Every structure is written in C-alpha cells, then in structure tokens.
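If you're wondering where the values come from, they're calculated on a predicted model, not measured in any experiment.
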Amino acid sequence: MGNNIPYGRQAVSEADIQAVVDVLRSDFLTQGPVVPAFEKRLADYCGVAHAVAVNSATSALHIACLALEVGAGDRVWTSPNTFVASANCARYCGAVVDFVDIDPRTYNMSVDALRFKLEQAQLQGTLPKVVIPVHFAGQSCEMREIRALADHYGFRIIEDASHAIGGRYLSQAVGSCSYSDITVFSFHPVKIITTGEGGVATSNSVDLARRMQLFRSHCVTRDIDEMEHVERGPAYYEQIDLGYNYRMTDIQAALGTSQVDRLDAFVARRHEIAGSYDESLQGLEVQVPWQHPDSDSSWHLYVVKLKYPDMRREVLEQLRSAGVQANIHYIPVHTQPYYRKLGFRYGDFPESESYYQATITLPLFPTMTVSQQETVVDELQKALAV
Ligand SMILES: *Cc1c(COP(=O)(O)O)cnc(C)c1O
C-alpha cells in the first residue's frame with residue numbers, strides 16, 4: 001500500500017515516443033534537421049531572435065560565459081540559492097565566483113543586496129563582469145531593476161532560467177532576453193519540459209548566438225567569412241578557438257519539440273496544483289510561496305517554509321518514510337565543501353542559510369493526481385503535528 005510520490009517527474013506521451021522513433025528511422029541521429037527546428041520553435045515561443053540547443057543547461061551556462069568572454073580573474077556573481085551549475089560555469093572559465101544574498105520573500109537574488117554589493121565593489125575596484133540571476137522555482141527575478149544596475153555598473157547578464165520555461169515577467173516570456181544578454185533553460189527530466197538531458201541558450205545578439213554555436217562544437221567553422229584560408233575547397237574546415245562537444249542530438253530535439261506542444265498545458269496544470277496547495281495548506285504552520293506581482297511563475301517547485309525550522313529534518317524524514325519524496329532546494333552553494341575551500345564560510349549569506357534551514361519542497365509535477373496531492377497535504381499535516 002506504500003505511496004511513492006516523487007518531487008518531480010517527466011510526462012512523456014505517445015506522441016513524444018513516436019517523434020523519437022521517427023528520428024531513429026531517419027538519416028540523422030545528430031546534426032540533422034531536428035535540432036535547428038527545435039531551436040526555431042523555442043525562439044518563437046520565447047519571442048527571441050536566436051536559440052542554441054546543447055546537451056545540458058550546464059553546458060549552456062558554460063558557453064554563455066565563454067561567449068561573454070569570461071576568463072581568468074574576471075568576477076561572476078550569482079545566487080547562493082541555486083544548483084551548483086550556476087556558479088561552476090564561471091569556475092570552468094577560471095573566473096572568481098561570488099554570491100548575492102536572497103530576498104526573503106521570493107528566495108531570488110535580492111536587488112537591494114545586489115545594489116549594496118555593487119556600491120562596495122565599485123569602491124574596491126572589484127565589479128563583476130557577469131551577473132547570473134536564477135529564477136528560483138520558476139519565478140522570474142526582478143529583471144528590470146537588475147538591468148538598470150547592469151546599465152549603471154557595466155556588467156552583462158545571463159539569466160539562469162533552468163526552472164522557468166513557460167513563465168512570464170512583465171507580460172513577456174522568460175527567455176525573451178528583454179533585460180539580459182543570454183537566457184538558459186534546462187531540459188532535465190525534473191524540469192518543465194524534457195529532452196532526457198539538454199539545455200538551450202537564447203539571445204537577441206547574432207554575435208553571441210554565433211559564438212555559442214561555435215563553442216558548442218569545437219569552434220570548428222565551415223563559414224569562409226570566419227576562416228583564415230578561403231581557397232581550400234569543399235571539405236575544408238578550420239578550428240578558430242577552443243570549443244567543446246556540447247551538441248544536442250536530433251533524438252533529444254525531437255522529444256523536446258514534441259514536449260513544447262504541451263508546455264502551456266504543463267504550466268497551467270502546475271498553476272492549478274500550486275493554487276490547490278495554497279488553499280489546502282492554510283492553517284498549517286507553514287508559509288506558502290509568495291509571488292511577486294511582476295512575474296508569472298512556471299511553478300517548477302513548490303517550497304514551503306516551516307514556522308519552526310527545528311522541525312525541518314524530522315518533517316522531511318517523516319514525509320519520506322510515508323513515501324512522499326519531499327526535497328530541499330537548495331543547500332546554499334557557498335557552503336559546499338568545494339566553495340568553502342575557495343574561502344566562503346557559513347554566515348556569509350545569512351538569508352540563504354536561514355531560508356535553507358526552514359524550507360521543504362513538496363512534490364509537484366503535471367501528472368500528479370488529486371489523491372496524490374491530498375496524500376502530500378495529509379502527511380505534511382501529520383508530520384507537523386508531531
Ligand atoms: C537543473 C539546473 C541546472 C543544470 O541543468 P542541467 O540541464 O542538468 O545541466 C542549472 N541551474 C539550475 C538553477 C538548475 O535547476
């Protein structure tokens with residue numbers, strides 16, 4: 001009779017399976033026509049000029065940093081309340097990573113903390129080259145304010161929107177890059193839509209998009225305008241910089257394209273589930289997620305903050321033993337052993353640390369049933385009553 005309710009789960013349809021099978025029967029498993037078609041589809045969906053699909057969001061973050069010429073000694077700032085990849089991408093480029101503490105209401109990078117840190121950094125000559133706001137749980141950061149700070153202090157912006165495809169900010173799709181240089185989405189199976197593994201970087205800059213395309217595939221070009229030697233015939237190519245193999249396969253892109261058909265339906269269902277949690281958790285000793293009026297979340301995660309943080313471990317253990325796979329998002333990145341070796345300490349970003357100690361992510365995925373959701377609420381109620 002055991003429940004097993006995961007915190008997130010992909011929704012794969014017969015149409016998705018057929019789309020993958022069709023590629024398997026075709027001429028190209030990779031570097032065929034399906035990846036560019038998927039990119040076009042995503043760009044149209046987001047209202048952005050370019051989309052560059054890759055094998056993960058981590059790779060997309062890496063090539064985004066490379067395209068913005070992040071290198072040794074540059075500074076990159078992100079949120080401590082994120083997956084480690086948002087910070088690691090800068091480390092891959094040899095940059096110095098720092099963090100900006102979170103807003104206690106949205107759990108996103110705090111604009112006030114960012115402004116304060118920039119003022120200090122200007123005095124010390126340590127301004128960042130790139131800031132990576134993370135749209136935690138699917139809710140956009142306050143991009144208009146961050147853009148204004150970028151214009152004033154001269155940094156570039158990569159949105160880590162791994163949680164946020166299908167979300168909106170000030171009535172525009174997240175991914176439109178209206179306030180940023182580049183936006184990154186993840187297609188890992190727990191995210192809003194999936195390609196198995198995969199990610200994409202969007203941009204309105206043709207130069208940034210081209211640079212990301214090159215870094216995705218060894219910086220090898222067949223475009224004579226990018227070559228030193230133009231006279232060497234049809235099979236000739238040149239490697240013009242140091243790139244990687246971060247390519248997405250056509251198999252993955254077929255799954256992704258088929259998933260995009262249901263993206264709005266997935267997000268609508270996530271809204272319903274979140275709304276229903278909001279109602280049924282009234283009266284429990286938890287704080288439900290606050291929503292900023294400027295943003296319309298994709299509801300990747302539903303995070304509750306316990307009134308009594310001391311209970312967190314016990315509540316999580318009890319939920320899990322009842323088959324409710326509640327989770328934690330996130331252990332503050334600066335407290336990871338790797339980042340502590342780089343000099344960060346507990347206490348450096350107190351809002352993210354106290355947030356972490358008090359919060360639990362409840363299961364939320366589009367195929368979740370009403371009775372599964374009732375089980376989650378019942379079990380949470382029981383665990384809190386202990
Ligand atoms: C999932 C995630 C990533 C990494 O995505 P992959 O596609 O697994 O590489 C990066 N940032 C955030 C915020 C994420 O949630």
Side chains of residues 57-71: which donor-acceptor partners sit under 3.5 Å, not counting sequence neighbours?
{"residue": "S59", "atom": "OG", "partner": "N55", "partner atom": "OD1", "Å": "2.6"}
{"residue": "S59", "atom": "OG", "partner": "S56", "partner atom": "OG", "Å": "3.1"}
{"residue": "H62", "atom": "ND1", "partner": "Y246", "partner atom": "OH", "Å": "2.7"}

Can you list the residues that meet the side chain to side chain donor-acceptor pair (under 3.5 Å) rule with K382, with sequence neighbours excluded?
-> E379
Using a 3.5 Å cut-off and no angle test, enumerate the donor-acceptor pairs between side-chain atoms of residues 356-368 and protein atoms at least two apart in sequence or in another chain.
{"residue": "T359", "atom": "OG1", "partner": "Y355", "partner atom": "O", "Å": "2.8"}
{"residue": "T361", "atom": "OG1", "partner": "H329", "partner atom": "ND1", "Å": "2.8"}

Qualifying residues under side chain to side chain donor-acceptor pair (under 3.5 Å), relative to R156, sequence neighbours excluded | D181
Apply the test salt bridge (charged side-chain N to carboxylate O under 4.0 Å, His left out) to residues R147 and D151: give CA-CA distance (whole Å), side-chain angles for both, the deciding distance (0.1 Å), then the verdict.
-> CA-CA 6 Å; R147 172 82 258 158; D151 291 340; 3.0 Å; yes
Would you please test D296 and R168 for salt bridge (charged side-chain N to carboxylate O under 4.0 Å, His left out) and show each step?
-> CA-CA 5 Å; D296 184 11; R168 301 180 77 77; 5.5 Å; no
Polar side chain donor-acceptor pair, Q213 to R210, under 3.5 angstrom | yes
State whether a side-chain donor-acceptor pair under 3.5 Å links S86 with D160.
-> yes
Passing option when H163 is tested against H135, H188, H300 for ring-ring contact (aromatic ring centres under 6.0 Å, His included) | H300
Establish, from distance only, whether the side-chain atoms of S217 and R247 form a donor-acceptor pair under 3.5 Å.
-> yes
Given E159 and T183, is the side chain to side chain donor-acceptor pair (under 3.5 Å) satisfied, shown in steps?
-> CA-CA 5 Å; E159 297 173 67; T183 301; 2.9 Å; yes
In chain order, what residues pass the side chain to side chain contact (heavy atoms under 4.5 Å, CB included) check against Y308, with sequence neighbours excluded?
-> E285, M311
Please list, chain by chain and in numerical order, all residues satisfying side chain to side chain contact (heavy atoms under 4.5 Å, CB included) with P33, sequence neighbours excluded.
-> F28, D250
So, do I192 and R270 sit near enough that their side-chain heavy atoms are less than 4.5 Å apart?
-> yes
Strictly by modelled atom types, are Q318 and S321 linked by a side-chain donor-acceptor pair under 3.5 Å?
-> no
Taking it one step at a time, do F99 and T78 satisfy side chain to side chain contact (heavy atoms under 4.5 Å, CB included)?
-> CA-CA 5 Å; F99 301 92; T78 189; 3.9 Å; yes
